[in-house]
Amino acid sequence: NPSSASITKTEISPPPAPDSAAIAKPRVRCSVNLVDENQLPAMILDQIKLAYPKFQSHLDKKELRESLGLTGPGPWGVMLCGYLLQALRRDPDAIRQAAYVAQAGDETFI
């Protein structure tokens with residue numbers, strides 16, 4: 001006589017879907033000017049090529065430079081990645097209060 005085993009069936013139902021109003025969070029928009037674009041350090045073409053070594057030969061093409069806003073003989077104020085990183089390196093309150101004024105040499109981020 002085999003012993004009888006009792007199996008209890010438990011159904012697990014998924015939690016109810018949350019109300020869409022409960023999910024929606026108000027979006028906060030803010031405008032933070034990280035780098036003062038009007039005070040970028042003046043750079044000559046050779047300096048820009050150093051900042052973008054893989055694009056040196058492309059930067060020799062006048063048409064490309066002009067499409068990027070690098071018209072005439074230069075120097076130009078060029079936004080570089082290092083300036084953004086330096087701007088973000090500051091205290092959060094300083095970031096909110098004023099745009100970072102990039103200095104020559106800030107293009108290198110250490």
Side-chain angles (χ1 to χ4, degrees):
N1 186 347
S3 65
S4 71
S6 173
I7 299 175
T8 305
K9 182 178 177 185
T10 305
E11 290 187 29
I12 300 174
S13 57
D19 180 49
S20 62
I23 295 175
K25 294 181 181 176
R27 293 185 186 256
V28 177
R29 293 182 184 234
C30 63
S31 177
V32 177
N33 187 4
L34 292 176
V35 179
D36 187 337
E37 295 176 329
N38 297 316
Q39 297 188 56
L40 293 172
M43 300 186 78
I44 61 173
L45 185 57
D46 288 340
Q47 292 171 302
I48 298 170
K49 287 180 178 181
L50 285 173
Y52 297 100
K54 292 184 178 182
F55 299 98
Q56 287 184 6
S57 62
H58 299 290
L59 289 168
D60 287 331
K61 299 173 186 171
K62 181 180 178 183
E63 297 81 22
L64 175 70
R65 287 195 315 270
E66 289 177 349
S67 74
L68 297 171
L70 305 176
T71 58
W76 307 277
V78 177
M79 177 67 71
L80 298 176
C81 297
Y83 301 157
L84 293 172
L85 294 173
Q86 297 287 0
L88 291 169
R89 185 180 193 172
R90 301 177 299 152
D91 181 81
D93 289 333
I95 292 172
R96 289 185 205 92
Q97 289 173 3
Y100 182 71
V101 178
Q103 304 294 315
D106 285 351
E107 60 273 9
T108 305
F109 185 78
I110 300 175

All N/O donor-acceptor pairs, side-chain side in residues 37-45, below 3.5 Å, sequence neighbours left out:
residue, atom, partner, partner atom, Å
Gln39, NE2, Asp36, OD2, 2.8

- Query: Below 4.5 Å, heavy atoms only, C-beta onward: do Val35 and Gln86 meet side chain to side chain?
  - Reply: no

- Smallest separation among heavy atoms of Leu34 and Arg90, with atom names: O-NH2, 3.9 Å

- Rounded to the nearest 0.5 Å, what separation is found between the CG atom of Leu68 and the CD atom of Glu63? 11.5 Å

- Message: When you group the ILVMFWY residues by side-chain heavy-atom contacts below 4.5 Å and let the links chain together, are Leu85 and Val32 in the same group?
- Response: no

- Query: So if you build clusters from Ile, Leu, Val, Met, Phe, Trp, Tyr with side-chain heavy-atom gaps below 4.5 Å, do Leu50 and Leu64 land together?
  - Reply: no

- Return yes if a side-chain donor-acceptor contact under 3.5 Å exists between Asp106 and Tyr100, otherwise no. yes

- Task: Return the orientation label for the Phe55 and Tyr52 ring planes: parallel under 30°, perpendicular over 60°, tilted otherwise.
- Result: perpendicular

- Item | Distance in Å, Asn33 CG paired with Ser31 OG, rounded so as to fall on 0.5 Å steps | 7.0 Å

- Query: Is there a donor-acceptor contact under 3.5 Å from the side chain of Arg65 to the main chain of Leu59?
  - Reply: yes

- Note on the structure: dist Lys49:NZ -> Ser57:OG (nearest 0.5 Å) comes out at 8.5 Å

- Could you state the interatomic distance from CD (Gln47) to CG (Leu80), rounded to the nearest 0.5 Å? 9.5 Å

